[in-house]
Amino acid sequence: MAVINVNGKALNHNADPRTPLLWVLREQLGLTGTKYGCGIAQCGACTVLIDGAPTRSCQAPVNSIGAKKVVTIEGLAADGKLNKIQAAWVAVDVPQCGYCQSGMVMAATALLAAKPNPTDADIDSAMTNICRCGTYVQVREAIHAAAKA
Amino acid sequence: MTIHQTSLGRRRFLVSSAAVAGGFSLAFSIPFDADAQSPVKELNAWVVIHPDDKVVIRIARSEMGQGTLTGLCQLAAEELECDWTKVTWEYPTPNENVKRNRVWKNFSTGGSRGIRESNHYVREGGAMAREMLLAAAAAEWKVPAGELKVDKGVITHSSGKKTTYGAVAAAAAQLEPPKEVKLKDPKDWKIAGKPVKRLDTLDKVTGKQLYGIDFTMPGMLVAAVRACPVIGGKLKSFDAARVEKMPGVKKVVAIDGNAVVVVADTYWNARTALAALPTDWDIGKLGEVQTETINAMLKEGLDASEAFVGNKVGDAKTAIDGAAKKVTATYSFPYQHHVTMEPMNATARYTPEKCEVWCGTQNGEAALAAASEASGLPTDKCDVHKMLLGGGFGRRGRSDYVRQAVLVAKEMPGMPAKLIWSREEDMTHCQYHPTTMAKLTGGLDAQGNLVGLHIRISGQSILASLLPQNLQNGMDPVVFQGLMASGVESAYGYTVPNLLIDHAMRNPHITAGFWRGVNTNQNAVYMESFMDELADAAGQDPLAFRLKLLKPKWAAVLKAAADKAGYGKPLPAGHFHGLAQVMGYGSYVAGVAEVSVSPDGALKIHKITAATNCGHVVNPAQIERQVAGSFAYGLSAALYGEITVKDGAVEQTNFDSYNLMRIDEMPKVETVLVPTGDFWGGVGEPTIAVAAPSVLNAIARATGKRVRNLPLMHHELQKAS
Ligand code: FES
Ligand code: FES
């Protein structure tokens, strides 16, 4: 048994220490909001915050997490209230299929925490997630809307 | 089945995740035997109204991001005259459809047909339910139904009487449905035609939305699969003993003679063991196939004497031979991969009495047929519980992954198994967008009029690959999408006095399939790029040159895009416009791309202006999103999309070798809707076809160089010197 801190709770898991955090979240902790897209840190579908930093959990072995604090998509509205990014996502009606959107929301949440008023160039460099439905126009609009909210 | 909905009208059982720890509980309900025991009776197959006024609309088509479920709910709600804020939805299952004599008709969700093909009967379902609800209130109040008014599900009478749909629904459900109903004039629409928000957004921003890959149930095992890397090859041998003792491994099996599967307690354990499993494949002569040999095969077809004729007017060869000026160019379009963000997966549970599948699919009925075939049980003993799709794009119209999941489940009766394809498995075992080439030859008279045109297409047929029974005397009519002589689906818009469009079929072993937009994609690249080449040769503006030849509906939409984009007016220094138009999926679309190319060859796509005439607009906000998404999809293919073959196998294995467009390359998109109200056209696909050619035409203006082979990443785009 090992313990990791996810969404403010200390949780036990019995995965092999080299298992990527992504699969520990999904298969051991029942947190399936974090998605598998590529497994090689290319697409961003698996993005979580580790001590606030947006991290691709498919390339983070669970034994590298230690005492760091992990926040997943399920942890953003923990008190039942959507965070600014989520609220803007709903207002702009961003998702299409939705599969990439957990990662998008996590990356945008981290961006806004670092830069409360991001420029288009900031968005271009921070939001490297892949969306095959092509929600990019709405993602940009929603980040700007969240910054103003 | 519905997972996230709170529909109470069905008998349910609770499923809890077995793998829960730390107080997380993943629970959801699964209905079965629709309404057999339900306290709430349906008004008809499409509409269920609960005592609390909640309206459940049944959706047979699959939601994969395209917004069909919201659009169909709008249409049903419009006729129903219910309160939109009370509308929720659920999927009937394909098994229920079988049992009820296909009351929900077609489940297939492809060809941008979700709304245009089913709107009529879904609207009728709403209208009939409305009539029954009014009749029930009228009977209760003993007044003629014609004296009643309804607004947002509240029924009133001039006497002051008032009730709600929820209060009369049970009585209404006992009534005979009306024989006939009159549908509203779209001019009177209040819910349909409006930019209402999607019904499926909230769970997608909180992580609650479950896709097939997220499905879990008690005792479920997880399987990782590896099929022969060469499509069509066979499994020779594998050494199960080498991995059977690895952590979590339960079983190692071969399926279909061409794949190995490791079943374990978790996907990660299954995948880790599969990676360590020695396998030997029999690929025979297929191992000699390379991209170069495929290209040579297609090149030969460009001048072959035999070809299927798809569109013929007059005598193109004679007209071209006698023309004052002759223009010829050869184009090519490579294989593409769909790349749904959610890799293929399905969960199955088999017993000798019953086979059930949980998955995302674009075609519930085809998935049911696949489950039946793989399990050996008749369809009435099988069912498919549809999950939302993490992308479809045509890929999830096939049921190969469903078959595999059922074959694995059959190896361990009673035990549910979820089979997940790795991204690598997904990249290398697709039904790819076919590869074709085209040689175009045009003849201009002395005044620059197009007097003859020959388009020879050479390349792969999707029907030959997937549905050979649908070939017509060997010919694949789908190859001519966007170039067909006539029809409501994808007709050619230009009037050319002498025209020949023909196809030399050349089928490599790589499986071809339906890829969002299908054959309109490359056909529009060929046709619309060559139109610019012809306009240049004629010394005419490409817009004016096209408008002289285009039929009215095609011309109108191109003009709408050009006007909105300010085509012909001055642009910022170094910016250039390019045009393209096509008719596809029953709709007329056009795009104007604005690009610049820096001195060192860097391409920037600044803006796209896109016009659409889809006949009726059900949700303008969703159309806008489909149009923008279509450009993301089409431009990603134009910039990077290319599947190549080495020693018979697909070379690209993940996103590091198959690059995809990100937000930094996404242009601004302005959408112009010019609906003419006289037909129903599709929206999810047609626009993709104008993405690449509009950009290619703009690049040619910017650089003086014509790119005729995609993807763009292989081309140096500096100005021609
Ligand atoms: S799954 Fe981690 S970046 Fe794609
Ligand atoms: S919304 Fe479907 S992949 Fe982004």
Side-chain angles (χ1 to χ4, degrees), chain A residues 6 9-16 19-20 23-24 26-40 42-43 45 72-74 76-77 82 85-87 89-90 93-102 105 123-125 127-140, chain B residues 17 19-26 64-67 197-198 200-211 213-214 216 222 247 266-269 338-343 388-393 420 422-423 621 625 628-633 636 654-656 660 662-664 666 668-669:
Chain A
V6 181
K9 292 191 188 113
L11 302 176
N12 295 311
H13 71 87
N14 55 14
D16 179 278
T19 308
W23 295 105
V24 176
R26 289 182 55 81
E27 301 200 296
Q28 306 268 327
L29 306 178
L31 294 171
T32 55
T34 305
K35 301 301 188 207
Y36 165 63
C38 64
I40 58 165
Q42 287 280 322
C43 74
T72 70
I73 185 79
E74 291 91 346
L76 292 186
L82 299 182
I85 286 288
Q86 290 172 305
W89 245 244
V90 170
D93 220 11
V94 174
Q96 290 190 26
C97 84
Y99 194 81
C100 73
Q101 297 293 332
S102 296
V105 166
I123 293 173
D124 285 348
S125 58
M127 301 297 293
T128 53
N129 305 50
I130 295 172
C131 173
R132 287 295 284 160
C133 298
T135 61
Y136 298 132
V137 172
Q138 286 74 34
V139 165
R140 187 183 300 281
Chain B
S17 164
V20 220
F24 286 92
S25 150
L26 216 141
M64 47 191 166
Q66 84 281 37
K197 294 274 168 61
R198 296 175 66 109
D200 53 344
T201 295
L202 185 61
D203 287 351
K204 292 176 178 175
V205 305
T206 58
K208 285 207 187 79
Q209 181 64 57
L210 295 177
Y211 301 84
I213 201 168
D214 305 322
T216 186
V222 190
T266 64
Y267 175 65
W268 186 254
N269 282 338
H338 304 78
V339 190
T340 59
M341 280 308 293
E342 178 194 16
L388 289 200
L389 287 71
F393 315 127
I420 300 176
S422 66
R423 177 57 65 189
R625 284 159 176 74
S630 292
F631 278 99
Y633 207 72
S636 190
N654 205 324
F655 303 156
D656 51 352
L660 299 156
R662 314 294 210 274
I663 201 169
D664 59 338
M666 182 71 195
K668 291 197 176 69
V669 179

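Letters go in sequence order (proteins before strands), and every chain restarts at 1.
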**Student:** Please classify the contact between B:Phe393 and chain A as side chain, backbone, both or neither, with a heavy-atom cut-off of under 4.5 Å.
**Tutor:** side chain

**Student:** Check the orientation of B:Tyr267 and A:Tyr36. Use parallel for under 30°, tilted for 30 to 60°, and perpendicular for over 60°.
**Tutor:** tilted

**Student:** At what distance, to the nearest 0.5 angstrom, does CG of B:Asp214 lie from OG1 of A:Thr34?
**Tutor:** 10.0 Å

**Student:** So which part of A:Thr19 gets closer than 4.5 Å to some heavy atom of chain B, the side chain, the backbone, both or neither?
**Tutor:** both

**Student:** Go through the atoms of A:Ile130 and report whether side chain, backbone, both or neither lie under 4.5 Å from a heavy atom of chain B.
**Tutor:** both

**Student:** What option among A:Ser102, A:Cys131, A:Pro95 has the most heavy-atom pairs under 4.5 Å with chain B?
**Tutor:** A:Pro95

**Student:** Based on non-hydrogen pairs under 4.5 Å, which of B:Ile663, B:Asp656, B:Leu202 is most in contact with chain A?
**Tutor:** B:Ile663

**Student:** What residues form a salt bridge (charged side-chain N to carboxylate O under 4.0 Å, His left out) with B:Arg423, not counting sequence neighbours?
**Tutor:** B:Asp426

**Student:** So what's closer than 4.5 Å to chain B heavy atoms on A:Asp16: side chain, backbone, both or neither?
**Tutor:** neither

**Student:** Is a donor on one side and an acceptor on the other found under 3.5 Å between the side chain of A:Thr135 and the backbone of A:Gln138?
**Tutor:** no

**Student:** Tell me, side chain or backbone of B:Ser422 under 4.5 Å from chain A's heavy atoms, or both, or neither?
**Tutor:** both

**Student:** With a 3.5 Å distance limit and no angle check, can you tell me whether B:Lys204 reaches the backbone of B:Gln209 through a side-chain donor-acceptor pair?
**Tutor:** no

**Student:** Relative to chain A, which of B:Met64, B:His338, B:Lys197 shows the most heavy atom pairs under 4.5 Å?
**Tutor:** B:Lys197

**Student:** For each of B:Thr206, B:Ile420, B:Thr201, tally heavy-atom pairs with chain A at distances under 4.5 Å, and name the one with the top tally.
**Tutor:** B:Thr206

**Student:** Given heavy-atom pairs under 4.5 angstrom as the criterion, report whether the side chain, backbone, both or neither of A:Gln86 touches chain B.
**Tutor:** both

**Student:** Specify the closest pair of heavy atoms between B:Val205 and A:Ile73, including all atoms of both residues, with the distance to one decimal.
**Tutor:** O-CD1, 3.4 Å

**Student:** Would you say A:Glu27's side chain and B:Trp268's backbone share a donor-acceptor pair under 3.5 angstrom?
**Tutor:** yes

**Student:** Would the distance check show the side chain of A:Arg26 and the main-chain N or O of B:Ile213 forming a donor-acceptor pair, the cut-off being under 3.5 Å?
**Tutor:** yes

**Student:** For A:Ile85, is it the side chain, the backbone, both or neither that has a heavy atom under 4.5 Å from a heavy atom of chain B?
**Tutor:** neither

**Student:** Looking at B:Glu342, B:Gln66, B:Met666, B:Lys668, which has the largest count of heavy-atom pairs under 4.5 Å with chain A?
**Tutor:** B:Glu342

**Student:** In plain terms, say whether B:Asp664 and B:Arg662 are close enough for a salt bridge, that is, a side-chain N and a carboxylate O under 4.0 Å apart.
**Tutor:** no

**Student:** Just give me the residue among A:Gly33, A:Cys38, A:Ala45 that pairs up with chain B most often, heavy atom to heavy atom, under 4.5 Å.
**Tutor:** A:Cys38

**Student:** Below 4.5 Å, heavy-atom pairs only: which of A:Pro20, A:Ser125, A:Ala77 has the largest tally toward chain B?
**Tutor:** A:Pro20

